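Proteins come first, then strands; the chains are lettered A, B, ... in the order of their sequence lines, and each starts at number 1. Both backbone and side-chain heavy atoms feed into the values below; hydrogens, waters and symmetry mates do not. Remember, it's a predicted structure, so these values are computed and weren't measured experimentally.
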Protein chains: 2
Amino acid sequence: MSEQIAEGKIDHIDKKILEIMQDNAKTPYSQIASQLGISEATVHLRIRKLVNAGIIKRFQAVVDPEKVGKRVTAIIAVVAIPQKYSQVLKQLEKMPEVYEIFDVTGEYSTILKVRVKNKEELAKLIDEIGNIDGVENTKTMYVLRVIKEDTRIKIE
Amino acid sequence: MSEQIAEGKIDHIDKKILEIMQDNAKTPYSQIASQLGISEATVHLRIRKLVNAGIIKRFQAVVDPEKVGKRVTAIIAVVAIPQKYSQVLKQLEKMPEVYEIFDVTGEYSTILKVRVKNKEELAKLIDEIGNIDGVENTKTMYVLRVIKEDTRIKIE
DNA sequence: TGTGAAAATTTCTTCGC
DNA sequence: GCGAAGAAATTTTCACA
């Protein structure tokens, strides 16, 4: 049995591999190998380790939301009654329109990122969230323009 | 008539392929083919079309931010002076710690998602953003817990 | 436009260092 | 833990329905 990679125990080579694979997960191992001056087998081994260690969570085709009909994005700040907070989170988590849920400090309990087809669906969703038992109030920030949205983690 | 896929012109097969490839971009075409009752060549053709149409933006290894040392996430709401707003956006866009920038309606001009190593770096970043010429004030919501963070678009 | 099978590449495994 | 070379599998191409 080979050892798992401990927290933060990734070296310079691993970092380069992560950078390349975040940009294009279909980059041939041969290309990575020659670029980094190592063998293909090593590339394969390293990538397998990164996956096993959970550093690479999965390989994903990144889809353009607008091109598949999700034309509206919004950020919704939610205030919940503390006693019912965990129930509220469970309800929110189940909603397919809710893509991100963050428990935050400050005047709001939670910040959500939601995606829907159009304004009508957003209105419906805001209603739905407002009607969850335990939700005190919500504040919707409609996204007019996406200036930047990058899911690739910068590796230092 | 052979043509590119027009906006929203994707059929049931394409949708299934998108779902599968968002979950695991390394799924063998042979498996997709047998699952959908089509040939491998057709799977390949469809995927190429989806990429060419920009519906699939890229194939990406999804990295766990915490496992590579990005232990702190925060949502920052920014109010900017209207006259200097576009300059402010340009400055924000250049910052590597800033992963998402949304132009929004409401009392704030912009909502940011940022990722850094620790609280000290967050404090430094908030200072930096506050000092951008044109930024009136900022409000930071420190993320205590990530309840959900899914980048896979639901295909209806 | 979709198919089936061959051709070209890529990925994976084994073995020796 | 790494590299080289062969084995296995996948992706790509092509002629044809």
Side-chain angles (χ1 to χ4, degrees), chain A residues 1-64 67-69 152 155-156, chain B residues 1-64 67-69 152 155-156:
Chain A
M1 222 179 344
S2 67
E3 264 187 290
Q4 290 292 40
I5 300 170
E7 280 271 351
K9 263 296 199 187
I10 55 174
D11 66 10
H12 178 253
I13 302 284
D14 292 321
K15 287 176 184 173
K16 274 283 176 205
I17 291 175
L18 287 176
E19 274 173 15
I20 294 167
M21 295 298 278
Q22 281 193 106
D23 259 354
N24 180 10
K26 286 204 183 294
T27 310
Y29 290 5
S30 59
Q31 194 184 311
I32 299 174
S34 70
Q35 195 176 325
L36 302 185
I38 54 177
S39 75
E40 289 181 39
T42 302
V43 174
H44 173 246
L45 219 67
R46 296 276 191 145
I47 288 176
R48 204 171 47 148
K49 265 194 217 163
L50 290 166
V51 170
N52 287 340
I55 293 170
I56 292 177
K57 291 198 283 188
R58 68 172 171 282
F59 298 95
Q60 179 185 340
V62 179
V63 171
D64 186 329
K67 295 251 170 75
V68 293
R152 288 167 285 199
I155 315 286
E156 338 116 64
Chain B
M1 233 186 332
S2 98
E3 57 185 346
Q4 290 293 40
I5 302 170
E7 281 271 352
K9 262 295 198 184
I10 55 175
D11 66 11
H12 179 253
I13 301 284
D14 292 322
K15 287 176 185 174
K16 274 282 175 204
I17 291 175
L18 286 175
E19 273 173 14
I20 294 167
M21 295 298 277
Q22 281 194 107
D23 260 351
N24 179 10
K26 286 204 183 294
T27 311
Y29 291 5
S30 58
Q31 193 183 311
I32 300 174
S34 69
Q35 194 176 324
L36 302 185
I38 54 179
S39 73
E40 285 181 41
T42 301
V43 174
H44 173 245
L45 218 70
R46 295 277 191 144
I47 288 175
R48 203 173 48 154
K49 264 194 214 164
L50 291 166
V51 170
N52 286 341
I55 293 170
I56 292 176
K57 291 197 283 187
R58 68 172 171 281
F59 298 95
Q60 180 185 340
V62 179
V63 171
D64 187 328
K67 295 252 171 75
V68 293
R152 289 167 285 199
I155 315 284
E156 339 115 64

Atom [atom1] of [X] to atom [atom2] of [N]: distance rounded to whole Å?
{"X": "A:Asp14", "N": "D:dG1", "atom1": "CG", "atom2": "P", "value": "11 Å"}
{"X": "B:His12", "N": "C:dT1", "atom1": "NE2", "atom2": "P", "value": "20 Å"}
{"X": "A:Tyr29", "N": "D:dC2", "atom1": "OH", "atom2": "C1'", "value": "17 Å"}
{"X": "B:Ile32", "N": "D:dT10", "atom1": "CD1", "atom2": "C1'", "value": "11 Å"}
{"X": "B:Leu50", "N": "D:dT11", "atom1": "CG", "atom2": "C1'", "value": "16 Å"}
{"X": "A:Leu36", "N": "D:dC2", "atom1": "CG", "atom2": "C1'", "value": "14 Å"}
{"X": "B:Gln31", "N": "D:dA9", "atom1": "CD", "atom2": "P", "value": "14 Å"}
{"X": "B:Asn24", "N": "C:dT11", "atom1": "CG", "atom2": "P", "value": "14 Å"}

Between A:Leu45 and B:Ala41, just flag the one whose closest nucleotide in DNA chain C comes earlier from the 5' side.
B:Ala41
Using the side-chain heavy atoms of [X], tell me which of these nucleotides is nearest: [options].
{"X": "A:Glu40", "options": "C:dT13, D:dT11, C:dC12", "result": "C:dC12"}
{"X": "B:Pro28", "options": "C:dT10, D:dG3, D:dT10", "result": "D:dT10"}
{"X": "B:Arg48", "options": "D:dT11, C:dT10, D:dT13", "result": "D:dT13"}
{"X": "B:Thr42", "options": "C:dT3, D:dA4, C:dT11", "result": "C:dT3"}

A:Leu50 side chain reached by A:Met21 side chain, heavy atoms, under 4.5 Å:
no
Salt-bridged, A:Asp64 to B:Lys57, with N to O below 4.0 Å?
no
Taking only Lys NZ, Arg NE, NH1 and NH2, and the carboxylate oxygens of Asp or Glu, determine whether B:Asp23 and A:Arg58 approach each other closer than 4.0 Å.
no
OP1 or OP2 of [N] versus the side-chain N and O atoms of [X]: is any pair under 4.0 Å?
{"X": "A:Lys49", "N": "D:dG1", "value": "yes"}
{"X": "B:His44", "N": "D:dT11", "value": "no"}
{"X": "B:Ser39", "N": "C:dG2", "value": "no"}
{"X": "A:Arg46", "N": "D:dC2", "value": "yes"}

Taking every non-hydrogen atom, the tightest pair across A:Val68 and B:Glu156:
O-OE2, 3.5 Å
Would you name the heavy atoms of A:Ser39 and A:Ala33 that are closest together and state the gap between them?
C-CB, 3.7 Å
Indicate, with a heavy-atom threshold strictly under 4.0 Å, whether A:Ile38 touches base, sugar-phosphate, or nothing.
sugar-phosphate
